[in-house]
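Working notes for the structure below.
Reminder, nothing fancy here: chain letters follow the sequence lines and each chain counts from 1.
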Amino acid sequence: MQLFPCPFCGPREESEFHHGGEAGNLRPDGAEVTAERWAGYLHMRDNPKGATREIWVHMTCGEFFAMSRDSVNHKVSGSSVLGEAEHGR
Amino acid sequence: MPNARATTVQAADGITVRSVNASPTAETDRNAVLDRFARFLPAAFYYKTFMWPDWHLFEPRIRAMAGLGVVDPDWQPRQVSDQINHHCDVLVVGAGPAGLAAAASAAAAGHSVVLADDRTHPGGSLRHRAGEVDGVEGRAWVEATVARLKGAGQLVLSDTTAFGLYDHHLVALNQRHADGRPDTLWRVRPRRIVLATGAIERPVPFANNDLPGILSADAALSYLRRHGVLVGRDIVVATNNDSAYEPASALAAAGASVTVVDCRRDGAAQAKTGIRVLGGRTIAAARGRNAVQGVQLDDGTTLAADCVLVSGGWTPTVHLFSQAKGKLAWSDQLAAFIPSEAIDGIGVAGAVAGTVSLSDALASGAAASGDFGSSSPALRGTGVEATLGVVSLWPKPKASGRVWIDYQSDVTAKDVELAARENFVSVEHLKRYTTLGMATDQGKTSNLNGLALLADITGRGIPEVGTTTYRPPFTPVPFASLAGSRRGSMHAAVRRLPLEANHRASGGVFQEYGGWLRPAYYGGGEAGASIQEEARQARQSVALFDGSTLGKIEVIGPRAAEFVDFIYYNTMSTLKPGHCRYGFMLSDNGVVFDDGVLVRLDEHRFIVSCSSSHVAAVHARLEEWRQDRFGRDAVYIHNATAQYATLTVSGPNARQVVEALELGAALDDASLPHMAVAAGRFAGDEVRIARVSFTGDRSYEISIRADRAEALWARMQHEGRAFDAVLLGLESLMILRAEKGYIVIGKDTDGTTMPHDLGVAGPRTKRASEFVGRRSLFTEAANSTDRNQLVGLAVREGEAPLATGAHGVEKRDGRRRSIGFVTSSYQSPTLGHPVALALIERGAARHGETIDVQHLGVVRQATVVAPCAFDLEGRRLHA
Amino acid sequence: MTRHYSALSLFKEGIAGQTGWVKAWRSPDPKPRYDAIIIGGGGHGLATAYYLAENHGVTNVALLEKGWIGGGNTGRNTTVVRSNYFYPESAAIYGLAHSLYKTLSKDLNYNVMFSARGILTLAHSEAAMETAARSVNAIQVNGIDCELFSVEDVCRVVPIYNFSPDARFPVYGGTWQPSGGTARHDAVAWGYARAASRLGVDIIQNCEITDFIIEGGRCRGVVTSRGAIRAERTGMAVAGHSSVLAAKAGFRLPVNSYALQACVSEPVKPIIDTVVISPDTGVYVSQSDKGELVIGGALDRIPSYGQRGNLPVLEGVVAGMLEMFPIFGQLKMMRQWAGIVDVVPDSSPIIGESPLPGLFLNCGWGTGGFKAIPAGGTLLAHLLATGQHHDISRPFDLDRFARGRLIDEAAGSGIAH
């Protein structure tokens, strides 16, 4: 059972959280976006092995936030409220 | 209880036990005959045969022979297992001397401690090996230390096995109870973990080392000193280390004749009174059929014996440390793997850390508490052997006879040799090929002997061969402990209507729909007839329906209009306050995710009415887009679904019934036309009246505080009586909406359906502003002409309804292929014939075409028609 | 020396003390150049090696495995084989795999113990029965055996199921594929390895890819922990680690890696004779030939490369299993583990040339890769040998994501893999 730090509620059990995607996957607007760019936004992922920065939502408080962790050893290095870089997914 | 281990289950009056996997008993097992064919049945022989004529001919017999205990088909759980979450400063696993020292140190420093041990009585080796701590006899020191811990309010758990060390240092423990209660699962999250898990004595390799009467030397000592049982009269002890001499002496002192066969030449230096020591010798083979009768030594000497004790060194119990991804290092001195690099927050102490003497164990225990320990003076221990002096005594290749490595999985040294010969030289391959270490003890006694032999055969060092991965659980854990109380509705809760009791009183028969328990139909009659009758009556006069499960999510704020425009496929910002509009929500992949009516209460306030089963998901999406794209201050979202009951009056006489409710709102069609909302009051409470319809008839959805809904429902029923009002269950409502061609998302659409497949293409081409899913509506697939589109299907006069789930089929290139499927199909009592909705390839262009429809191999014909089969002009909405 | 496996050779070796068996596969040192390289010594990679040699006569092939063959998902799955798929594209690929499984033991001269003990997917509501009918009809139209089961049928096949009237997940019926079943996972890997090695393929273990050799915009080989190895065509079949290799090759994949857990009970005498899947609990259960109940469940929905089990998801899976079979409350869990699965948005595989020419993909099988091993091998071998798609693999090309032509079984049948 992992503990994730919600920036609003503090450390909580993993089962209260939902993975929202990789941070920085910005959504391109418009009907003119190329098919490749749109598929990149919808589907393509870095899926890094090791250090990763992701968007999570703490379902019990409803807040989305960014979290840095390691996808191999599962150590969490920190979390923060959504910054500009993570918006516009 | 299948697969209980005789030596670990507490005896109790009246328990019945029998041996497993023997027919009929272990002494007279008929399958023992297989033993004579052992030379033809080496490890993994089954991969090499049984292929011809077919594996199926052999498999049933093999399955019947495999497995141990028998599952009792009539077994019933008596009560659920408790599950306890616990936080503490220090969790100490193992209440031997090292663990006790660690717990005492942490407790003395004022920290909260949990001390867990898998045995009934704490003390570990101090319970049966001689030793003194600070001059106090070992067992007395154990009792005093435990009493002190308990007295200080610390938690001491006996019969409790720490079986898993999981991510972020959560430790899972299973506690057994002597009083017959089911086991308890503990999830302990300590700030520091001390692993004082001890070590397990290894067997000694020689031929026939699996005969009954051969057991570990430490076990024999434990039988003697814990239970007063002398395991034999003529005892041979086989060893390669000093630790076997205390058992040997003790058994001799208890009256047994004891001979120690010590592979070390100077083993005799350990000689104690009353025992004979044969140094520099090993056992070549044990003799006996159903029990050991003697041994033959490597020099040909034979010794008679009724019991052979083995002590092949000690394997530190590193399981939990390794589960935490701790690194191991090989110790030549101990002939074992021990923890090497420290892990943050985890200390190791005692035999698992490689200590031998009692003093070292106590010191390592105190140190293992780390920052949580006290600085009190070190405990001084004196034991019988302060040294181990172990030398290697591994199984050797080409030994004669059957030298057992894994007693449970029946793996011999020859099997390991065979595996190596066939290139299964990775330790994981060895395990899987021979099943070494895969039985219920998961290799606790066998692994090291197996990999040492593999190392020898392949010319590698033992560290180079490495170990297999240690996985939870340390010992098998009851499924019931893991499940705990998560049974029935505690496993997956059902949601219930505020008026459930009223519906039941009216004869409602309930079923689960999308997580909600709702009336399927009313009345005690046959389901099909009752449903038809409800659907028929609803069109005649008036019907009452509980639609409380419909989503009611409020969207409020200065950018609310812009927000709903983005969220919906349809333009919503042009909606006038006091009105509603039907629309689709898409996923960003362009697929219709939900449909429903959006209500605009005022300029900056909307209510998203979404499908009952989608409320949580829609709410989550709205929240995501709000926070991600619009900002917290621009929009506020509140899911009010459970706060309101929504009661619907539908039918030609609906308005008369609603008027009789005296809600204080103007109900004439000029004031409250179709797709408009009005505010009213009922018995002092605000109500919202929305003219939206899922039946195709004039309808009023009245929303009221859930806790005041009962009176309104009663009043509706009362006023409805004059109009022969009928209560609608969900099944008849399904018929009514299908007659009209109204869809249910997820039933009449699938995970590929886009809005233009449902005949709503306008916004796709016309909308200028961005919305969720927009770009996906223009991919190659979205633009293609062979998409499945919503249609109606008509059958020939007098025929029964099509089966829901039947497929439209056609032949292409000589092969039958699916062109879509029936999504909804009912007999319409009003129309007197069946109605059906379907998603059919190029369906919109096929109107009038007759297609083949196949269900479970039977093909019928149906004609593609428009989805709406009833009141095509929609007059009844206003009638 | 004994090479061929049979009852007779076992008997002869029995007389000779089992000393004449040759290595199941050779372990040569890598050569600097091959006609083709396969990265990944799991079932898909090994099958690719075998079919390259067997179907196409391409035998100058290196199969490179970071650890030991069969050590990833091939040896960590719940061994289910079935082909009851909704879309014709899926039916074609899994049907190919299924038909190859049926004769695999004889083809490889290695008993992979394919056992058609039937696959039962339950339906827990009227709505689920309608969806089940939709699936059964689609599968039948696809030419694959599948039946719609009533409650009585279910009761006949798994009488120990929880048919209590107050069961949380009552049974309304289900779908039944009689020819579905299980196979021995390790044997599939070892059987392919042995057969490929005999045909000349070099199986090289403990050989990790550190980089790709890219020249003229093409993949021309790989740099490994055992030196550079060149080939004009390279295939990768590395499941959950696909994104890691893709990053080295300079492109991204629509893959998320998750841990998928499974566990087994202590071995008991035969009690359940088929594979039972409950979509509502997300749990599937079968019993191995060794007597262990094999239990699989939902993904840990936390992207991960940590090949280990966790507690919360396991507890949910076990609770669901006991909801289905309350009598298993008398049993104990013996072993718990996890594999890293490569989950793609439509849960269908990706097979085809990668954005780096000369590098070919076989990934995205998610939780269902084992059942597809013979097909994955056949199709990747075809690509490596010809540079062209097999008809069956074409719809599964990576380009389907930009074209919007996803093949999402869950979209059609409501039940994913």
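- Looking at C:Pro326, the atoms closer than 4.5 Å to chain B (heavy atoms on both sides) sit in the backbone and in the side chain alike.
- In this pair, B:Tyr47 and C:Tyr110 present their aromatic rings parallel. The plane angle is below 30°, not in the 30 to 60° band.
- What you find for B:Thr752 and C:Ala411 is that their closest heavy atoms are CG2-CB, 4.0 Å.
- Side-chain contact check for B:Asn423 and C:Ser27: at least one donor-acceptor pair (N or O, by modelled atom type) lies under 3.5 Å.
- Note on B:Asn174, B:Val71, B:Leu68, B:Thr823: by heavy-atom pairs under 4.5 Å with chain C, the leading option is B:Val71.
- The heavy-atom pair separating C:Val22 from B:Glu422 by the smallest distance is O-CG, 3.8 Å.
- Side chains of B:Phe821 and C:Asn137 form no contact here, defined as non-hydrogen atoms less than 4.5 Å apart.
- Residue B:Met51 holds its CE atom at 9.5 Å from NZ of C:Lys106, rounded to the nearest 0.5 Å.
- A heavy-atom distance below 4.5 Å is found between the side chains of C:Met333 and B:Pro473.
- With contacts defined as side-chain heavy-atom distances shorter than 4.5 Å, the pair B:Leu170/C:Leu311 qualifies.
- A salt bridge is defined here as a Lys NZ or Arg NE, NH1 or NH2 lying under 4.0 Å from an Asp or Glu carboxylate O, and B:Glu59 with C:Arg117 meets this definition.
- Nearest approach of C:Asn111 to B:Thr49, heavy atoms of both residues: ND2-O, 3.0 Å.
- Contacts of C:Arg308 with chain B are made by side-chain atoms alone, with heavy-atom separations under 4.5 Å and no backbone atom involved.
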Under the side chain to side chain contact (heavy atoms under 4.5 Å, CB included) criterion, do C:Met334 and B:Gln442 qualify, and how do the steps go? CA-CA 8 Å; C:Met334 183 169 79; B:Gln442 296 286 287; 3.7 Å; yes

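- The CG atom of B:Leu482 sits 8.5 Å away from atom CE of C:Met321, with the distance rounded to the nearest 0.5 Å.
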Test side chain to side chain contact (heavy atoms under 4.5 Å, CB included) on B:Trp52 and C:Ser6 and set out the steps. CA-CA 8 Å; B:Trp52 190 90; C:Ser6 69; over 6 Å; no

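- For the pair B:Phe479/C:Ile295, a side-chain contact is recorded, criterion being any heavy-atom separation below 4.5 Å from C-beta on.
- Side-chain contact check for B:Arg63 versus C:Asp273: some heavy-atom pair is nearer than 4.5 Å.
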Kindly determine whether C:Glu130 and B:Lys747 satisfy side chain to side chain contact (heavy atoms under 4.5 Å, CB included), including the steps that lead there. CA-CA 9 Å; C:Glu130 291 179 354; B:Lys747 178 171 170 59; 2.5 Å; yes

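- Under the side chain to side chain donor-acceptor pair (under 3.5 Å) criterion, B:Gln511 pairs with no residue, sequence neighbours left out.
- With values rounded to the nearest 0.5 angstrom, C:Tyr87 atom OH is found 9.5 Å from B:Ser818 atom OG.
- Note: B:Arg421 leads B:Arg421, B:Arg816, B:Glu417 in heavy-atom pairs under 4.5 Å with chain C.
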Start with the C-alpha distance between B:His807 and C:Arg134, add both sets of side-chain angles, then the distance that settles side chain to side chain contact (heavy atoms under 4.5 Å, CB included), and finish with yes or no. CA-CA 7 Å; B:His807 277 248; C:Arg134 183 195 294 182; 3.8 Å; yes

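- For chain C, the option among B:Val494, B:Val822, B:Asn788, B:Val20 with the highest count of heavy-atom pairs below 4.5 Å is B:Val494.
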C:Phe11 and B:Phe40: ring-ring contact (aromatic ring centres under 6.0 Å, His included), yes or no, with the steps? CA-CA 6 Å; C:Phe11 178 77; B:Phe40 304 111; 5.0 Å; yes

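- Within the 4.5 angstrom heavy-atom criterion, no atom of C:Arg400 approaches chain B.
- The aromatic ring centroids of B:Phe424 and C:Trp25 lie less than 6.0 Å from each other.
- B:Arg471 is not listed as a side-chain neighbour of C:Gln336, based on a closest heavy-atom distance of 4.5 Å or more.
- With 3.5 Å as the limit, one finds no donor-acceptor pair spanning the side chains of C:Asn109 and B:Lys48.
- Using a 4.5 Å cut-off on side-chain heavy atoms (C-beta onward), C:Asp289 and B:Trp55 make contact.
- With rounding to the nearest 0.5 Å, the separation of CG in B:Asp74 from CD1 in C:Ile160 is 12.0 Å.
- Interface check for chain C: of the options B:Pro476, B:Ala66, B:Ala483, B:Gly751, the most heavy-atom pairs under 4.5 Å are formed by B:Pro476.
- Between B:Ser784 and C:Arg405 the shortest side-chain heavy-atom distance falls below 4.5 Å.
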With ring-ring contact (aromatic ring centres under 6.0 Å, His included) as the test, would you mind laying out the steps for C:Phe328 and B:Trp75 before giving the verdict? CA-CA 9 Å; C:Phe328 292 162; B:Trp75 182 87; 9.8 Å; no

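- Looking only at heavy-atom pairs under 4.5 Å with chain C, the residue among B:Asn589, B:Thr440, B:Asp183 that has the most is B:Thr440.
- For chain B, no part of C:Ala189 is nearby; none of its heavy atoms comes within less than 4.5 Å.
- Distance check: B:Ser426 OG to C:Ile69 CD1 gives 9.5 Å after rounding to the nearest 0.5 Å.
- Here C:Glu315 pairs with B:Arg187 in a salt bridge; the nearest charged N to carboxylate O distance falls below 4.0 Å.
- Of the listed residues B:Arg486, B:Arg815, B:His491, B:His429, the one with more heavy-atom pairs under 4.5 angstrom with chain C than any other is B:His429.
- The pair C:Glu266-B:Arg5 meets the salt-bridge criterion, since a charged nitrogen lies less than 4.0 angstrom from a carboxylate oxygen.
- Interatomic distance, NZ of C:Lys269 versus CE of B:Met65, reported as 8.5 Å (0.5 Å rounding).
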